[in-house]
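Worksheet: the structure to be examined is printed underneath.
Everything numeric in this text was worked out from a predicted model, so none of it was measured. Every chain is numbered from 1, with letters handed out A, B, ... down the list of sequences.
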2 protein chains.
Amino acid sequence: MTQQSPHPTLTPEEIRGELKQAGMRPTAQRLTICQYILNQANHPSVEDIKAWVDAKFPGISLATVYNTVHALETAGLVQAIRFDHSDKVIYDRNTEPHFHFLDEDSGTLHDIQSDQVQINLNLPEDIRVNDISILIRGKRQ
Amino acid sequence: MTQQSPHPTLTPEEIRGELKQAGMRPTAQRLTICQYILNQANHPSVEDIKAWVDAKFPGISLATVYNTVHALETAGLVQAIRFDHSDKVIYDRNTEPHFHFLDEDSGTLHDIQSDQVQINLNLPEDIRVNDISILIRGKRQ
DNA sequence: CGCGTATTTTAGAATGATTCTAAATAGAAT
DNA sequence: ATTCTATTTAGAATCATTCTAAAATACGCG
Ligand SMILES: [Mn+2]
Ligand SMILES: [Mn+2]
Ligand SMILES: [Zn+2]
Ligand SMILES: [Zn+2]
């Protein structure tokens with residue numbers, strides 16, 4: 001299923017804790033960005049993040065958004081992904097290995113947990129697989 | 001297997017024929033580009049194409065390479081694909097649905113025919129799948 | 001062959017996402 | 001308060017790609 005996200009909502013205090021644990025100072029900018037990426041957003045682009053954060057924090061710089069997502073990525077709190085259908089990187093709070101469904105009508109991405117897909121690979125012996133990336137495109141009827 | 005490509009080598013005359021059939025004038029630039037994309041190359045980027053063609057056809061413009069790959073794409077002679085690990089579009093002479101293996105050591109892409117992968121999707125009833133894109137990353141030991 | 005017209009090629013400018021730079025600001029430590 | 005480091009910021013730079021508008025070329029026809 002592309003079902004309800006398994007991501008618990010984090011309180012501001014919990015976010016603060018995650019940042020500190022990652023060695024990042026919990027600045028107002030970062031807390032706001034995390035409130036969006038970790039709690040509200042669904043696979044947002046930097047543009048999405050900037051737009052949302054701008055409402056709560058007018059005038060935040062684009063560079064800060066980039067800096068922050070990079071830091072969050074390094075800290076392992078988000079995953080950066082790029083798909084064929086867009087030239088923008090999207091950030092994924094789901095850092096577990098999983099796949100994606102692109103709803104071609106709405107343009108929205110939805111997680112597909114690994115256990116919802118069974119893959120049987122018939123590859124040469126000498127290949128060691130490190131990672132599998134899957135994007136399913138389709139529509140809901 | 002990521003085995004030998006199922007792409008027959010085309011003679012210059014055959015390439016000429018393909019272009020005409022697609023309503024494209026078989027100019028020297030296009031013939032040279034096709035000689036590379038359709039016969040020699042393995043998932044080349046525009047940069048790759050430009051570099052190879054430049055040797056046979058010094059001074060060809062980058063715009064022409066872009067124009068030509070777009071025309072070939074429209075004609076259905078190649079497929080444009082973008083993967084996560086590079087910010088460049090690559091062109092694929094294999095226009096059948098298929099998947100890809102990225103050799104992380106060499107950075108090279110290899111086709112995986114659809115019949116070498118069995119996928120069982122456990123998705124909601126209301127989802128109609130139009131396309132599945134798979135990239136397998138790994139190494140050869 | 002020689003013209004007329006549509007297609008193609010081309011250089012260079014524009015675009016857009018992202019990265020870089022270097023200076024200003026803020027936080028933490030002493 | 002002073003110092004040191006982390007963060008934020010505006011703006012420039014980068015890079016793949018797209019666009020523009022003019023020059024060159026190909027092709028059909030007389
Ligand atoms: Mn979006
Ligand atoms: Mn390449
Ligand atoms: Zn996801
Ligand atoms: Zn391929």
Side-chain angles (χ1 to χ4, degrees), chain A residues 15-34 36-37 43-51 53-54 56-75 77-91 107, chain B residues 12 15-34 36-37 43-54 56-75 77-91 107:
Chain A
I15 291 175
R16 199 178 280 273
E18 295 277 8
L19 291 178
K20 294 199 109 159
Q21 207 168 334
M24 297 171 65
R25 290 184 186 169
T27 63
Q29 288 94 330
R30 287 174 170 174
L31 287 170
T32 313
I33 290 170
C34 284
Y36 182 60
I37 300 186
H43 302 99
S45 64
V46 164
E47 191 186 22
D48 293 332
I49 300 166
K50 172 78 159 61
V53 172
D54 242 340
K56 296 213 162 192
F57 205 101
I60 189 174
S61 90
L62 184 56
T64 296
V65 180
Y66 275 104
N67 288 342
T68 299
V69 293
H70 290 157
L72 292 174
E73 193 185 356
T74 299
L77 291 172
V78 301
Q79 213 184 335
I81 315 179
R82 217 176 333 173
F83 287 113
D84 213 348
H85 68 285
S86 164
D87 47 5
K88 299 175 187 168
V89 170
I90 63 101
Y91 288 88
Chain B
I15 291 175
R16 199 177 281 273
E18 295 278 8
L19 291 178
K20 294 198 110 156
Q21 208 168 332
M24 297 170 65
R25 290 183 184 171
T27 62
Q29 288 92 332
R30 286 173 171 174
L31 287 170
T32 312
I33 289 170
C34 285
Y36 182 60
I37 301 186
H43 301 97
S45 65
V46 164
E47 191 186 23
D48 293 333
I49 299 166
K50 172 79 160 59
W52 192 92
V53 172
D54 242 340
K56 294 214 162 190
F57 205 102
I60 189 173
S61 90
L62 183 57
T64 296
V65 180
Y66 275 104
N67 288 343
T68 299
V69 293
H70 291 157
L72 292 174
E73 193 186 356
T74 300
L77 291 172
V78 301
Q79 213 184 335
I81 315 180
R82 218 176 330 171
F83 286 113
D84 213 349
H85 69 284
S86 164
D87 47 4
K88 300 175 188 170
V89 170
I90 64 101
Y91 288 87

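The shortest distance between the side-chain N/O atoms of Gln29(B) and the OP1/OP2 oxygens of dT25(D) is not below 4.0 Å. A close approach under 4.0 Å does not occur between any side-chain nitrogen or oxygen of His70(B) and OP1 or OP2 of dT17(D). Phosphate contact (OP1/OP2 of dT8(D), side-chain N/O of Arg30(A), threshold under 4.0 Å): present. Taking only side-chain nitrogens and oxygens, Thr64(A) never comes nearer than 4.0 Å to OP1 or OP2 of dT8(D).
When all heavy atoms of Trp52(B) and Thr32(B) are compared, the closest pair comes out as CZ3-O, 3.6 Å. Here the shortest heavy-atom pairing between Lys50(A) and Ser61(A) reads CE-C, 4.2 Å. Counting all heavy atoms, side chain and backbone alike, Ala80(A) lies closest to Val89(A) at CB-CG1, 3.8 Å.
Here the nucleotide nearest the side chain of Thr27(B), chosen from dT18(D), dT9(D), dT9(C), is dT9(C). The side chain of Tyr66(A) lies closest to dT18(C), out of dT9(C), dA6(D), dT18(C). Checking dT5(D), dA6(C), dT9(C) against the side-chain heavy atoms of Arg25(B) singles out dA6(C) as nearest. For Lys88(B), the side-chain atoms get nearest to dT17(D) when compared with the rest of dT17(D), dT18(C), dT9(C).
Rounded to an integer number of Å, the gap from CG of Asp87(B) to P of dT18(D) is 13 Å. Rounded to whole Å, the distance from CD on Glu47(A) to P on dG16(C) is 10 Å. At whole-Å resolution of the value, CG in Asn67(B) and P in dA6(C) are 19 Å apart. Rounded to a whole Å, the CE atom of Met24(B) is 19 Å from the P atom of dT25(D).
For the pair Leu72(B) and Leu19(B), the minimum side-chain heavy-atom distance is below 4.5 Å.
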